[in-house]
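Chain A is the first sequence line, chain B the second, and so forth, proteins listed ahead of strands; every chain is numbered from 1. For clarity, every value in this text was computed on a predicted model and none was experimentally measured.
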There are 2 protein chains.
Amino acid sequence: MVNNTNVSCCIDCEHRWENFNNLSDEELKTVCDNRHIAEFKTGEIIFKQGSPLSSAVFLTKGLAKMYIEGYDNKRMMIGIAKKCRLIAGPGTYVDNRHHYSVAALTDVTACFIKMDVLKEFVHTNGKFAEGYLRDVSEKSLQTFYRFLSHTQKKMHGRLAATLLYLADEIHESDKFTILLSRQELGELSGMAKESVVRILKDFNEDNIIKDKCPNIEILNKDKLKMISNMG
Amino acid sequence: MVNNTNVSCCIDCEHRWENFNNLSDEELKTVCDNRHIAEFKTGEIIFKQGSPLSSAVFLTKGLAKMYIEGYDNKRMMIGIAKKCRLIAGPGTYVDNRHHYSVAALTDVTACFIKMDVLKEFVHTNGKFAEGYLRDVSEKSLQTFYRFLSHTQKKMHGRLAATLLYLADEIHESDKFTILLSRQELGELSGMAKESVVRILKDFNEDNIIKDKCPNIEILNKDKLKMISNMG
DNA sequence: TATAATAATTGACATACATCAACAAAATAT
DNA sequence: ATATTTTGTTGATGTATGTCAATTATTATA
């Protein structure tokens, strides 16, 4: 982890949170002044479940996994973090603790902004408060639907949903390098790693995907969507 | 469903949302003026998944179930609604739609408040915005932990957790009338109704609960907690 | 390069859980 | 009170999925 404050201001940052559009240049300057940039290597932990939540985190480069460390040393991955997204979690307004951990999946540049500063803007800037609420609400909705998916779909449907998530939301391409191990794909889809292997093999044999070592290509997206929807 | 506007003002309502403490009497008066009271009989639907979200709902009497209608006509209950709690859901700041349905479990008195009014206060009153964020965040956290519980615990652990939820959060007593059918207990705990029956029988035989028809009494709470924690 | 550690794959097996069917009990309507 | 519908209970059975163990591929390390 290497510090690096040698970066231009938030005012013209192209990776910034959408909600920063609701801040004036003066307010953005304040954000800048309370910012801290850090770099992480693949595998390094950005923050850890249970630790105090003093800063909001934004990635300006790379991807990271967000996961809950649950019972019996089992992990549940809740999603992949990427640029332009607030990573802080619902602890901010509850108990000032992180409720999940975040670890770099690639080399990552992260921008830490003091939470006190953002909270102050929630107080004083109605538009910003509204934007913050929208952000929390969207994530809450996503969690709902992931929950529903896990409860009601069978393994094939859940893994199909995960592949679609990775293609559409994260890599924004039907052909991408899979950064997750089978173990991690399992933690994200709620199944054992062996099940991931078997189902990927099924999808391969049915020409729904082409799974060539670290690369995955979706060949038949309609069918994958159908499997995801039908469970 | 019977209308009844003949109720005293929000200013001295003892069932009101905690976050209303952040409003001035004048602001509360505005809330009052945009309020609508309605009564529901057991089983009646208060609002329905997919319908437009124009009002926040608060119960002033009774209990209701909140549930998502998922795939294949299966329902997933997400919790029980009670007094003093905002019932509106994360659609408010996303797409103005309800993402779950709410139905009365007892006779219910519900108070509808125009969402536009609350949104306006989020804009103009920083404390209120903060309180709203806290509310959404708390619910988001609860969903997380319920999700984790469903993913990592086995049936006995999940049903134990549900019984503790009903005792501690909803009825605030270790002895209560079970308002839910076995079917509904299953929808809340993520299992088939037959499994609910069998596990309740187990708990009975082990003297952990006394399940006498519509009443349930928790006899050995420590053991129930242990089962809930260990999965 | 050789060696060790880690991850992926595969098959055999165990089991938690859902589904189905039959029936009893309770609630509701006639 | 009787009939009808809904809900609860139980046992038998099937299956989705996890666990374990062995084997191979891949990556990291000495």
Extract from the structure each pairing of a protein N or O with an N or O of nucleotides 14-18 of chain C at less than 3.5 Å, listing the distance.
residue, atom, partner, partner atom, Å
C:dC17, OP1, B:M155, N, 3.3
C:dC17, OP2, B:M155, N, 3.2
C:dA18, OP1, B:A192, N, 3.4
C:dA18, OP2, B:A192, N, 3.4
C:dA18, OP2, B:S195, OG, 2.7

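Between B:I113 and B:S55, the closest side-chain pair of non-hydrogen atoms is not below 4.5 Å. Side-chain contact between A:L118 and A:T92 is absent, with no heavy-atom pair separated by less than 4.5 Å. No side-chain heavy atom of B:F144 sits under 4.5 Å from any side-chain heavy atom of A:H99.
Here the SG-CH2 distance, from B:C84 to B:W17, works out to 12.0 Å after rounding to the nearest 0.5 Å.
Close placement of the A:F20 and A:F58 rings is indicated, their centers lying within 6.0 Å of each other.
Atom pair B:K212:NZ and D:dG8:C1' shows a separation of 15 Å (rounding to whole Å applied). Whole-Å rounding puts the B:K201 NZ to D:dG8 P distance at 16 Å. For A:I199 and D:dG18, the CD1 to P distance is 8 Å, given to the nearest whole Å. Separating the CG atom of B:L200 from the P atom of D:dT9 is a distance of 8 Å, rounded to the nearest angstrom.
Evaluation of the side-chain hydrogen bond (donor to acceptor under 3.5 Å, both in side chains) rule for A:R85 yields no partner, not counting sequence neighbours.
For A:R182, counting side-chain heavy atoms from C-beta on, the closest listed nucleotide (C:dA8, D:dA21, D:dG8) is C:dA8.
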